[in-house]
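For ligands, and for the atoms within them, numbers begin at 1 and follow the listed sequence.
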Amino acid sequence: MQNKVGALLTILFILAMTGQAQQRPALITNIEGRHTIDLNGRWQTIIDQYETGYYDYRYQPSTDGYFKNAKPKSPGDLIEYDFDASEQLNVPGDWNSQDQRLLFYEGTVWYKKSFDYQKKDRTRLFAYFGAANYLADVYLNGQKLGRHEGGFTPFNFEITNLVREKDNFLVVKVDNKRRRDAVPTLNTDWWNYGGLTRDVNLVEVPDTFIEDYFLQLKKGSTDEISGWIKLSSVTAGKVVTVEIPEASVKQSATTDASGYAPVSFKARLNLWSPENPKLYAVKVSSDADSVGDRIGFRSIETRGTEILLNGKPIFLRGICIHEESPLRGGRAFSEDDARMLLTWAKELGCNFVRLAHYPHNEHMTRLADKMGIMVWSEIPVYWTVLWDNPETFLNARNQLDESITRDKNKASVILWSVANETPVSDARIKFLKGLIDHARKLDPTRLLTAANERHYADPNTQLIDDPLGEYLDVLGCNEYVGWYDGLPEKADRLQWKITYNKPLIISEFGGDALFGYHGDAGVRWTEEYQKNLYEHQLGMLKKIPSLRGMTPWILTDFRSPRRPLPHIQDFYNRKGLISSRGERKEAFYTLQNFYRDLVKERAGP
Ligand code: GCU
């Protein structure tokens, strides 16, 4: 019996690894370049902790749940819910920061939006969600469209045949309950914001439309664009065209039997970089459709311990960011939120940000493209997920897929990270190697990394030898010398030993400080302690020969259910360099000065 179960799990795992297990509706890319109708705004909501609107009293899925948006037809009719008389919440937005009763709420909230729609000939319609945390069941006019799992990536459903002229009702059951087999799993050090946390749009496209495209420089090249265009229909012989007027490019190609048209052509380009975030107007068209985009072209690769941007060695002056608007105390979702966070990072002297620990909203990566900030993008394989569970793997791979699909044409995104602080084991290697291979298949142009841990070879030597390093292009390492590991001065006597000849990014270091709490540098939680910690850390790190970047933890204080210390944390992680009211702590200037000096040093005399 045991062998049979073992064999079945292995078969399921191989199927998962080779992607045979399940088909998903194709994700439409570049919504900004399409014709959309936004459904943002006030949505009717029902808080449904017991999922009464989904299960019957036998805990069987009900055929007559809240997704029916039912109304009493006669005085005797028994309907025990009424969306239109219920409270409203803003979309996009998490429910936790909008209603004090929901601050700690984990469970189901039903959302309903009514809309009319003028149907058009030869036009298809999709409902597109920027994200919903965590599990979303989506219905239109009482019909189930599908389910999406994962709180930080986009998804869409086709509604062409279900939509009507009047009184459509789009209903979404959003459940942010944490689960052991989920991604992320039960414990995280960030707030489990629930809801329709990002934009919701209706997207109109022609019968056969440009579903997706990948246009980036070929690996190692600075003048050859290579990629593909995918039409929504699997028809061979369809002509598609790429135009980049400013670079005098007009290139046509023909689809194969799967609807893909590979493209590859030379172009004289002004390359994208932080100093010159050049974006080109690009038009992708077919006989029935055309999509406009703004794309930057840059090459990113490694050579030994160097990271090369457009062939030149770079140093990544970074900071970690959570997708939270400190001033509002909720999930960040808008272009203004993104601009505030990225402008603060620029003020710090950054040319790089680590968007932790999950794909942030598309406003962040689009703005990073425009502002010239390089991006580390990560999926929430965080701490200890269920490595042996094929469904958990599929879920993680699906989130990676959707993240890459959405951002693969963003010049700012240079690194895909598949994990954060995961424990070394064979099952974990197998799981993460599966993700790395998948990412390389989807995107052969970018670098793969993960935020791993280090350990001590001896009391004065920190060793980076995580076996996962073998499969990565860039090593990421989180270390908390001076906070969880000794006092700040300990950094002065530590050596580093790295078993790989690869570039290293210190993807986290830092310590908590409550803004305005001052005292001796040896007193924890004071600004002086945090400043002192940064001084000793930066002194240690700059001695590491293969160090090619750092992203200290973290730009701003952020909410965490793991941080209850009264009058200091109050459910905030206080490792920000900026407080939850936007105030700069002393260590903010320590890092700003360090980055300023680094720029001077690298600029040379
Ligand atoms: C970890 C983790 C972060 C966490 C941080 C901390 O390394 O990656 O998510 O917030 O440390 O403890 O503050």
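- In this view, F333 satisfies the ring-ring contact (aromatic ring centres under 6.0 Å, His included) rule with no residue, not counting sequence neighbours.
- Note on residues 504-548: pairs passing ring-ring contact (aromatic ring centres under 6.0 Å, His included), not counting sequence neighbours, are W483-W525, W483-Y529, F509-Y534.
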task: Would you please test Y105 and W95 for ring-ring contact (aromatic ring centres under 6.0 Å, His included) and show each step?
output: CA-CA 8 Å; Y105 180 68; W95 59 61; 5.7 Å; yes

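- Near ligand 1, residues D189, H357, Y382, N420, E421, N478, Y480, Y484, E508, W553, F558, R563, N573, K575 each place a heavy atom inside the 4.0 Å sphere around the ligand atoms.
- For residues 451-481, every residue pair satisfying the ring-ring contact (aromatic ring centres under 6.0 Å, His included) rule, not counting sequence neighbours, is listed here: Y480-Y484.
- For an aromatic pair to be called close, the ring centres must be under 6.0 Å apart, and W553 with H322 satisfies this.
- Ion pairing between R198 and E362 fails under the 4.0 Å rule for side-chain N and carboxylate O.
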